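Each remark here refers to the structure printed beneath this line.
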Amino acid sequence: MTFHVYLLRLLRIAMKKRILVQDLAEYIGKEVVIAGWVHSTRKQGSVSFMLVRDRTGIAQVIASGHDINKQDVRNEAVVEVTGEVIEDTRAKTGVEIRLSKMTVISRPVKKLPILVNKKASFQKLELETVLNNRVLSLRNPKRHLIFSLQSEILDCFGTYFRKHGFTEITTPKIIASGTEGGTQLFSVDYFDKLAYLAQSPQFYKQMLVGAGYERVFEIGHVYRAEIHNTSRHLNEYVSLDIEMGFIEDEHDVMDTEEDFIRYLVGRINTHAARILEEYKTTLDVPDRIPRITVKEACAILERDYKKKMKTYDLDPVGEKLICEWSKKQNGSDFVFLTDYPRSKRPVYTMPKKDDPDLTRSFDLLFRGLEITTGGQRIHEYDMLIEAFKKRSLDPGDFDYYIDTFAYGMPPHGGLAIGLERITCQILGLNNVREASIFPRDRSRISP
RNA sequence: GGGGGCGUAGCGAAGUCUGGUUAUCGCGCCGGCCUGUCAAGCCGGAGAUCGCGGGUUCAAUUCCCGUCGCUCCCGCCA
């Protein structure tokens, strides 16, 4: 070790370790180092105030004279502040730091295009501006929380299903053919072949149930090449998928989702109560989420809302109304719609024995928006081949999938939850794009 | 695939219908004052080829045509 390196090491040991803003109260009377972004500065004659924001909170730094001003500190500069922690009721958190030394680590070299600090909440921002300035817009503490909540949801999903015997899988997103006919696929140049981006992990998760894992889950991106431009659609989104074997029927799958939702709601209320508070919302779930058939739902719409549906399916307005009804009737923000007609569901959906025009399928609506589709799947080889033929699909094109059912397959079913949609609905956001960290829509592929 | 709305300063808007001074307001930005601010306050200042192209007119941000961009709704879906 050279003398030079040795000195540097000594210096580092002598340097105080950075502490987090949330822990400041534990250091009253002591000198500490904090680091973060300059949230705002306020000059008050010969006293200056500066708010410094790190990932855990915002701290007020007070300096006498022009200490803050003479360093030319701009909002959103990255600074390291050394000073004594003092108790003072005049500070919002009850503690503040009396500055003794400040280093500007990184200085903004451009004017800020948008506001980050508290003032931003009093200023309207177009969604386009929010997304064009994603890094800055996410620095805003309130907007920041959207993805803290999303992280919590992701953790809940993984934790819950792992705990219940599900194996986490990852399946390919570059595929040779689609699964659900209806939706459009993005094509990909794959060397000398044409390939597609997966619109769902559906076939793979069923295949892995058949591979003996019985219960699998996946958190993965899916791609929909539909030219839809609405506040609830994305062309790339994160699908929370599960598939489980040895079920009685689709109600086992709904039971599972219901139990997961209860777990999720409980966890969010304990771990993320602050986020709900910030968004002025609450979240609860009844012991039992009501289950009504699509047919019943249509009858309710006609009877109570004078709304006639053309087919046994709900349009977006119908979904909002039936949620309104469910809230009034059962006090539930959630409602399962079941027994969708076969024509409305993918080819692999299990038909009902007593009424083959209907399926063992369901949607879960949450506060007026569909957040889940699920159901029991066909597990009998001959029935599946028949189903493909009925849709004018050549079973031969799907050998790799259909063969799964040729060698012993248990009754099974599953579901998918749209991550951005559930995030959006929990927080009451206006547009699902706000719940996507870097959304991909009809026209946006950057940032 | 179909339908509606909007483009004015870094951000958010007014003005456009009914053409006519130097295009208005709030926030931000820059400078000054202020010893407890916290959406600070007060005073001063800079900043806009009114999305772009063409047409009508003595005169266009305003009217007409085209074009580009954004946004919302329906269909389809999570």
Side-chain angles (χ1 to χ4, degrees), chain A residues 39-52 58-66 68-69 72 74-76 86 88-93 96 98 108 110-133 136-137 180-184 199-202 220-241 310-311 313-319 340 344-346 363-366 369-374 415-425 430-433 435-436 441-444:
Chain A
H39 195 64
S40 66
T41 58
R42 244 171 252 112
K43 218 177 106 191
Q44 186 71 216
S46 55
V47 171
S48 293
F49 299 93
M50 174 170 71
L51 297 181
V52 176
I58 296 172
Q60 174 158 285
V61 176
I62 178 168
S64 59
H66 294 262
I68 288 172
N69 193 244
D72 192 30
R74 304 288 150 166
N75 284 354
E76 299 311 310
I86 50 179
D88 195 316
T89 49
R90 288 174 297 187
K92 262 192 172 160
T93 56
E96 59 189 8
R98 192 168 294 280
K110 290 186 185 177
K111 278 189 184 174
L112 300 177
I114 59 171
L115 277 66
V116 170
N117 56 26
K118 185 83 185 262
K119 252 190 180 155
S121 11
F122 296 87
Q123 187 97 54
K124 199 187 152 199
L125 266 190
E126 290 284 337
L127 184 58
E128 193 196 359
T129 312
V130 171
L131 298 177
N132 283 345
N133 298 282
L136 274 182
S137 67
E180 333 217 340
T183 48
Q184 298 286 315
Q199 66 198 166
S200 156
Q202 186 59 35
H221 285 89
V222 293
Y223 302 87
R224 305 278 165 102
E226 291 150 353
I227 308 178
H228 38 39
N229 241 337
T230 77
S231 58
R232 62 181 186 283
H233 285 102
L234 295 165
N235 291 295
E236 177 185 55
Y237 70 90
V238 175
S239 183
L240 308 177
D241 264 275
K310 283 187 204 104
T311 55
D313 196 8
L314 300 198
D315 61 21
V317 175
E319 289 179 352
Y340 278 84
K344 298 278 175 192
R345 289 285 158 156
D363 277 4
L364 178 62
L365 308 187
F366 174 40
L369 186 66
E370 176 183 337
I371 59 162
T372 285
T373 288
L415 58 84
I417 303 171
L419 174 65
E420 295 84 353
R421 280 197 178 178
I422 194 170
T423 309
C424 180
Q425 292 308 93
N430 291 320
N431 194 310
V432 73
R433 275 167 259 222
S436 174
D441 63 31
R442 173 79 182 86
S443 51
R444 180 176 295 277

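Because the structure is predicted, anything quoted here is derived from the model rather than measured. Letters A, B, ... are given to chains in the order of the sequence lines, protein chains preceding strands, and every chain is numbered from 1.
Between the CD1 atom of A/I86 and the C1' atom of B/U37 there is a distance of 14 Å, rounded to whole Å. Atom P of nucleotide B/C6 and atom CG of A/N229 are separated by 17 Å, given to the nearest angstrom. Protein atom CG of A/L127 is 11 Å distant from nucleotide atom P of B/G12, rounded to whole Å. What separates CD of A/E128 from C1' of B/G12 is a distance of 14 Å, to the nearest Å. Taking atom CG of A/D313 as the reference point, atom P of B/C77 lies 7 Å away to the nearest angstrom. Distance, A/E319 CD to B/C74 C1': 13 Å, rounded to whole Å. In this structure, A/Y237 atom OH and B/C76 atom P are separated by 16 Å, rounded to whole Å. Straight-line distance from the CD1 atom of A/I227 to the P atom of B/C72: 16 Å, rounded to whole Å.
For B/G12, one of the phosphate oxygens OP1 or OP2 lies less than 4.0 angstrom from a side-chain nitrogen or oxygen of A/T129. Note on A/N431: a side-chain N or O is less than 4.0 Å away from OP1 or OP2 of B/C72. Note on A/K92: a side-chain N or O is less than 4.0 Å away from OP1 or OP2 of B/A39. OP1 or OP2 of B/U35 has not a single side-chain nitrogen or oxygen of A/R42 nearer than 4.0 Å. Phosphate contact (OP1/OP2 of B/G69, side-chain N/O of A/S443, threshold under 4.0 Å): absent. The side chain of A/S231 places an N or O atom within less than 4.0 Å of a non-bridging phosphate oxygen (OP1 or OP2) of B/C73. In terms of phosphate contacts, A/T373 brings a side-chain nitrogen or oxygen within less than 4.0 Å of OP1 or OP2 of B/A78.
Considering only the side chain of A/Q60, B/G36 comes nearest among B/C34, B/G36, B/C73. The listed nucleotides are B/A78, B/G36, B/C76; the one nearest the side chain of A/E370 is B/A78. Taking only side-chain atoms of A/K118, from C-beta outward, the nucleotide of B/A39, B/C77, B/C70 with the closest atom is B/A39. Taking only side-chain atoms of A/R433, from C-beta outward, the nucleotide of B/C76, B/C29, B/C72 with the closest atom is B/C72. The nucleotide whose nearest atom lies closest to any side-chain atom of A/Q44 is, among B/C34, B/G10, B/C38, B/C34. Side chain of A/I114, nearest nucleotide from B/C72, B/C11, B/A78: B/C11. Taking every side-chain heavy atom of A/K124 into account, B/G12 is the closest of B/G12, B/A39, B/A78.
Residues A/V222 and A/Q199 share a closest heavy-atom pair of CB-O, 3.5 Å.
Nucleotides B/G1 and B/A40 have their P atoms positioned 49 Å apart, rounded to a whole Å. B/G5 and B/G44 are spaced 40 Å apart, taking the C1' atom of each and rounding to whole Å.
With hydrogens and angles ignored, a donor-acceptor pair closer than 3.5 Å exists between the side chain of A/H233 and the base of B/C76. Judged by distance alone, with hydrogens and angles left aside, A/R421 brings a side-chain donor or acceptor within reach of the base of B/C77, the pair sitting under 3.5 Å. Residue side chain A/E96 reaches the base of B/G36 through a donor-acceptor N/O pair under 3.5 Å, judged by distance alone.
Side-chain atoms of A/R421 and A/Y237 include no donor-acceptor pair closer than 3.5 Å.
Contact annotation for A/I417: no contact, since no heavy-atom pair falls under 4.0 Å across all strands.
Judged by a 6.0 Å distance limit and a 45° cone about the ring axis, A/R345 is positioned over the six-membered ring of A/Y340.
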Canonical and wobble pairing (Watson-Crick, G-U, under 3.5 Å) of RNA chain B, dot-bracket with |: (((((((..((((......[...)))).(((((.......))))).....(((((..]....))))))))))))....

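Aromatic stacking is not marked for A/F49 over B/G36, as the cut-offs of 5.5 Å for the centres and 30° for the planes do not both hold.
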